[in-house]
Amino acid sequence: MTVTSHDPRTAAPVSVADETGTAELAAVLRAAEEAASVLATTGPAERRRWLHAAAIALEEHRDELAALADAETALDLPRLTGEVGRAADQLRFYGDVAAEGSYLDVTVDEATETTPRLVRVNRPLGPVAVFGASNFPFAFSVLGNDTGAAIAAGCPVVAKAHEAHVGLSVRQVEIARQAMTSAGAPDGVLQLVVGRDAGAALVRAPQVTAVAFTGSQAGGMALWRLANEREVVIPVYAEMGTVNPVVVTRAGAADAAAVAEVASGFVGSFTLGHGQFCTKPGLLLAPAGAGAADAVAAALRDADPAPVMLSRAIATSVGTGITAMLDAGAELVERVPAPDAANGAPAAVLRAPVSSLKPGSRLLEECFGPVVLVCEYAADDELADTLRTLQGSLAAGLVTGGADDPQARELVRVLSGKAGRVVVDGWPTGVAFTWAQQHGGPWPATTVPAATSVGAHGLARFLRPVAFQSVTDHWLPTEAREDNPWSLPRRVNGRLPEAPQGQR
Ligand SMILES: NC(=O)c1ccc[n+]([C@@H]2O[C@H](COP(=O)([O-])OP(=O)(O)OC[C@H]3O[C@@H](n4cnc5c(N)ncnc54)[C@H](O)[C@@H]3O)[C@@H](O)[C@H]2O)c1
């Protein structure tokens, strides 16, 4: 059995890869298990070196990889060339986060006359299965945030190739694995499996200790169920697609010029990557009488998008999504027809009364692609009630009239209860990989709302704290030793950690 990727513009086959069979998967899992014990004893600075080596190798193959990605995704060379650089920088970032050391959360209680000595440190879980999404073939794929964070945390990765960019998945893993093993990493540090069955078998495999998934609600929930049916249940960190609402306050829509500016920003954000962003703003809530839906329709006509989607299935789901939203009570304000391409899809603006945003309505679910819903609210109470009915989301936006906006403070509070990230006077597309980032959100945006799949705190998903009580110092893992050979920040007797300078 093989998996074939196709050019979204022409439907011509691009890459073919053999599906991973049972015997091959067993060998992959053995290598991952062996690598796990090696990684668990390596210092974070060592793993940083491997990740930096992988980043350099990615950059050295930038043009080759971007061209292959363009053939498999049609996301265009400039965007894809930039995304290779982003993926390389992400790998460096996670390596740097590991080397800084606070992710280990070393906490020491010195012994007293009545209490024993305790050292609490985070330990890596073991092999992690990574499922990337189709829409970021570098940044959220086999070498994306999940892989970078897992290896940084000391966990080997077995990635599942995405069928829509299977050739690119194979090539990226080849390049990064070669670079990391040349830098001293064990063979099993990063491996790939191909095929849905192999992916499902990975989630069931006893050697796998956690799953990181980026993709659709249906895919994430299927793997979450599978993991919860195991004899030994493991965490599934599924980051899924959501609606990502944006609220415009009355002051933010003060006059026609302000509304036109909001409309143009909104269109720019929801047509980025042909609307194939998990952070695409899918719902605009604007004050009654502002004419927001018509302004968005005009801005969409001006933008004149020609969406070519990542797969035939996604292109089809745009059309069926629009129909389902119309059936759920929306009306069409603007529809830009699909371009003449194999995976061409329409773009659309819909309008609905806020009263139709009821729990369970199709209007409250993601329509992956350049399709949005605009609703008008009359009073603050109505807006607050509507926001309460929304599903959890990865991000939420607020467009204000400035620092004195009387609605803003309360709306920031309400939105923070619904989303992992609240964006004020900006758009949610674009997720920086930094120390303070939170890319997650309440169920069903993610299966673990306390976790983030982007940013420094992403390492925590692949760690488990252990307290060592009265353990002789040279029996402890290096990170817990009293002489602190890796110069890790430590909290001692409740005092906040101090970051020692020096070699790590
Ligand atoms: N939360 C985020 O960070 C984020 C980022 C990018 C995309 N997304 C979301 O991802 C979606 C689009 O991505 P996609 O189409 O690639 O997602 P998808 O769910 O179709 O596929 C993701 C991966 O999971 C695998 N998979 C899915 N179900 C499986 C099953 N039952 N058994 C084995 N393997 C399975 C697929 O083969 C693929 O490799 C959109 O909804 C988008 O909003 C989310």
Side-chain angles (χ1 to χ4, degrees), residues 3 5 8 17 19-20 72-73 75 83 129-142 144-146 149 158-166 168-169 192-204 211-227 229 236-244 270 272-282 309-318 321 343 365-369 371 392-395 419-421 428-431 433 437-449 451-455 458:
V3 173
S5 62
E19 289 199 18
T20 307
E72 292 190 314
T73 68
L75 287 172
E83 202 184 314
V130 169
F131 292 71
S134 55
N135 56 346
F136 283 93
F138 297 105
F140 287 85
S141 188
V142 293
N145 289 280
D146 291 336
V158 183
K160 146 89 175 55
H162 200 293
E163 41 274 81
H165 56 262
V166 70
L168 184 68
S169 302
L192 189 74
V193 298
V194 177
R196 282 213 162 206
D197 290 349
L202 203 53
V203 177
R204 289 197 205 95
V211 177
F213 169 92
T214 307
S216 63
Q217 289 273 348
M221 292 311 298
L223 298 182
W224 181 83
R225 286 193 189 95
L226 216 51
E229 283 163 6
V236 174
Y237 300 100
E239 303 287 331
M240 300 176 283
T242 56
V243 168
N244 305 308
F270 82 72
L272 210 59
H274 309 310
Q276 299 171 116
F277 272 44
C278 54
T279 49
K280 180 201 88 176
M309 311 306 280
L310 291 157
S311 68
R312 190 64 228 137
I314 292 176
T316 307
S317 75
V318 175
N343 295 351
E365 287 170 25
E366 178 188 43
C367 182
F368 193 58
V371 178
S393 65
L394 294 168
R421 180 166 54 103
T429 35
V431 183
F433 52 94
Q437 188 55 274
Q438 174 59 27
H439 189 56
W443 187 284
T446 69
T447 49
V448 185
T452 178
S453 65
V454 180

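The structure displayed is predicted, hence computed values, not measured ones. Each ligand, and each atom within it, is numbered from 1 in the order the structure gives. Worth knowing before you read on, the calculation uses all heavy atoms, side chains too, and leaves out hydrogens, waters and symmetry mates.
The shortest N or O to N or O distance between Lys160 and ligand 1 is below 3.5 Å. Taking distance alone, with nitrogen or oxygen atoms compared against 3.5 Å, Ser453 stays at or beyond that limit from ligand 1. Checking only distances, His439 does come within under 3.5 Å of ligand 1, N or O to N or O. Looking at Met240 next to ligand 1, an N or O pair under 3.5 Å apart turns up. Backbone and side-chain nitrogen or oxygen atoms of Gln217 are examined, and none is located within less than 3.5 angstrom of a nitrogen or oxygen of ligand 1.
Taking 4.5 Å as the limit, some side-chain heavy atom of Cys278 sits within range of a side-chain heavy atom of His439. Looking at His162 and Pro137, their side chains never come closer than 4.5 Å, going by heavy atoms from C-beta outward.
Between atom 20 (O) of ligand 1 and the options Ser216, Ala198, Gly199, the minimum heavy-atom separation is to Ser216. Between atom 23 (C) of ligand 1 and the options Gly215, Ala129, Gly132, Gly219, the minimum heavy-atom separation is to Gly132. Between atom 2 (C) of ligand 1 and the options Ala445, Cys278, Gly273, the minimum heavy-atom separation is to Cys278.
When heavy-atom distances to ligand 1 are checked against a 4.0 Å cut-off, Leu394 comes that close only through its side chain, counted from C-beta outward. At a heavy-atom distance under 4.0 Å, only side-chain atoms of Leu223, from C-beta outward, approach ligand 1. Neither the backbone nor the side chain of Lys280 comes within 4.0 Å of ligand 1, counting heavy atoms alone.
Taking every heavy atom of Thr214 and a limit of under 4.0 angstrom, the matching atoms of ligand 1 come to 2 (C), 3 (O), 4 (C), 5 (C), 6 (C), 22 (C), 44 (C). For ligand 1, the atoms sitting less than 4.0 Å from at least one non-hydrogen atom of Ala222 are 31 (N), numbered in the order shown with element in parentheses.
Under the ring pair (Phe, Tyr, Trp, His ring centres under 6.0 Å) test applied with Trp224, the options Trp443, Tyr237, Phe131 reduce to a single match, Trp443. For the side-chain hydrogen bond (donor to acceptor under 3.5 Å, both in side chains) with His165, the qualifying choice from Ser311, Ser5, Ser141 is Ser141, the only one to do so.
Ranking the protein heavy atoms by distance from atom 16 (O) of ligand 1 puts His162 NE2, 2.5 Å first. Closest to atom 42 (C) of ligand 1 among all protein heavy atoms lies Phe368 CE1, 3.3 Å. In terms of protein heavy atoms, atom 37 (O) of ligand 1 is closest to Glu163 OE1, 2.6 Å. Regarding atom 6 (C) of ligand 1, its nearest protein heavy-atom neighbour is Asn135 OD1, 3.1 Å. Protein heavy atom at the shortest distance from atom 24 (O) of ligand 1 is Phe213 CE1, 3.3 Å. If you check which protein heavy atom lies closest to atom 14 (P) of ligand 1, you get Ser134 OG, 3.4 Å. At the shortest separation from atom 41 (O) of ligand 1 among protein heavy atoms lies Glu366 OE1, 2.8 Å. Annotation: atom 33 (C) of ligand 1 to nearest protein heavy atom, Arg196 O, 3.5 Å.
Taking the six-membered ring for Trp, Phe277 and Phe270 have ring centres at least 6.0 Å apart.
Of the charged side-chain nitrogens involved, none lies within less than 4.0 Å of a carboxylate oxygen, so that Lys280 and Glu366 do not count as a salt-bridged pair.
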